Amino acid sequence: RQIMLTHLNVDQARFIALLAKAARAQRDALLGKAKEQALGEAPAARGEHNPTAPLGLDPLPEASPQAAELRAAIESLSSDARAELYTLKRIGEGDLAADKWHRGIAEADLLGDAAVIADILEDADLHDHVMKGLYEAQLAA
């Protein structure tokens, strides 16, 4: 069963992913290359480990162009389109199966629009999660 976006189109999702990638690059440049020992965390057992990921995009100043563009793009979407973006992100994170699309939409409705916006903006790996979500939902061309 293929997922059909009804309020968000694939190009909008890709555009937001690109904005997120630019914001992440700016954030990483601002933070520099922090050593894992300096952050006091144990290294990951497997896979890529980014010790600054839990910081989200918080280190970026609110007025930074990349963060402002990302926020504006997300806020310009309708509430229903944001719920679909949130669901794509959750699928890309591996927290939701693509065939459980309706659960992601219901979760977004329960959280409310402000919490959905905050959750999306706090994801430092938003680009990767949205792109993987599109792939998992068989929406990537």
Side-chain angles (χ1 to χ4, degrees), residues 2-141:
Q2 184 173 348
I3 305 302
M4 296 301 294
L5 294 174
T6 55
H7 302 283
L8 177 75
N9 68 50
V10 173
D11 289 336
Q12 287 173 310
R14 285 191 180 125
F15 179 67
I16 287 172
L18 286 173
L19 290 174
K21 189 174 190 177
R24 171 67 186 264
Q26 184 184 28
R27 180 204 83 135
D28 288 351
L30 182 66
L31 288 175
K33 299 292 181 191
K35 295 197 180 296
E36 289 184 27
Q37 296 84 4
L39 295 173
E41 288 189 19
R46 297 181 347 184
E48 184 179 335
H49 180 60
N50 178 359
T52 63
L55 298 175
L57 297 175
D58 286 343
L60 286 177
E62 188 72 26
S64 74
Q66 287 82 353
E69 286 292 322
L70 178 60
R71 176 177 289 281
I74 291 168
E75 289 177 346
S76 73
L77 297 174
S78 70
S79 179
D80 290 331
R82 279 192 291 272
E84 290 181 355
L85 180 65
Y86 172 82
T87 302
L88 277 176
K89 178 185 92 74
R90 299 276 290 143
I91 291 169
E93 290 172 328
D95 293 335
L96 186 67
D99 63 352
K100 303 295 183 196
W101 181 263
H102 62 282
R103 288 189 185 168
I105 299 296
E107 186 179 310
D109 288 342
L110 283 174
L111 286 173
D113 208 35
V116 166
I117 291 170
D119 185 81
I120 293 169
L121 286 171
E122 289 170 3
D123 185 359
D125 295 319
L126 182 61
H127 170 268
D128 296 342
H129 293 153
V130 169
M131 295 307 289
K132 185 176 180 190
L134 288 170
Y135 175 80
E136 293 291 328
Q138 300 176 351
L139 296 168

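Quick caveat: nothing in here was measured; it's all calculated off a predicted structure.
Residues Glu93 and Lys132 have side chains not in contact (no heavy-atom distance under 4.5 Å, counting atoms from C-beta outward). Between Leu70 and Ile120 there is no side-chain heavy-atom pair separated by less than 4.5 Å. Annotation: side chain of Leu85 is not in contact with side chain of Val116 (no heavy-atom distance under 4.5 Å). Residues Leu19 and Phe15 form a side-chain contact, since some pair of their non-hydrogen atoms from C-beta on lies under 4.5 Å apart.
Nearest approach of Leu139 to Arg14, heavy atoms of both residues: O-NH2, 4.2 Å. Residues Ile91 and Gly133 share a closest heavy-atom pair of CG2-CA, 4.0 Å. Heavy-atom minimum distance, Ala108 versus Ala83: CB-CB, 3.7 Å.
Within the model, atoms CD of Gln12 and OG of Ser76 stand 7.5 Å from one another, a figure rounded to the nearest 0.5 Å. Taking CG of Asp109 as the reference point, atom NE2 of His102 lies at 12.5 Å (rounded to 0.5 Å). Note that CH2 of Trp101 and CG of Leu96 are 9.0 Å apart. Values are rounded to the nearest 0.5 Å. With values rounded to the nearest 0.5 angstrom, Glu136 atom CD is found 12.5 Å from Met131 atom CE.
With sequence neighbours excluded, the residues forming a side-chain contact (heavy atoms from CB on, under 4.5 Å) with Ala97 are Asp99, Lys100, listed by chain and number. Take Glu107 and apply the side chain to side chain donor-acceptor pair (under 3.5 Å) test, not counting sequence neighbours, and it matches Tyr86, Arg90. With sequence neighbours left out, the side-chain contact (heavy atoms from CB on, under 4.5 Å) criterion links Leu18 to no other residue. In this structure, the side-chain contact (heavy atoms from CB on, under 4.5 Å) partners of Ala13, at least two apart in sequence or on a different chain, are Leu8, Leu88, Val130, Leu134. Every residue two or more places apart in sequence or in another chain that forms a salt bridge (charged side-chain N to carboxylate O under 4.0 Å, His left out) with Arg82 is listed here: Asp113. In terms of the salt bridge (charged side-chain N to carboxylate O under 4.0 Å, His left out) criterion, residue partners of Asp119 (sequence neighbours excluded) are, by chain and number, Lys89.
In this structure, Glu75 contributes its side chain and Ala72 its backbone to no donor-acceptor pair below 3.5 Å. Within the 3.5 Å criterion, the main-chain N or O of His7 finds a donor-acceptor partner in the side chain of Glu84. No donor-acceptor pair under 3.5 Å is formed between the side chain of Asp125 and the backbone N or O of Asp128.
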**Study point:** Chi angles and distances behind the side-chain contact (heavy atoms from CB on, under 4.5 Å) call for Ile105, Asp80
**Key:** CA-CA 8 Å; Ile105 299 296; Asp80 290 331; over 6 Å; no
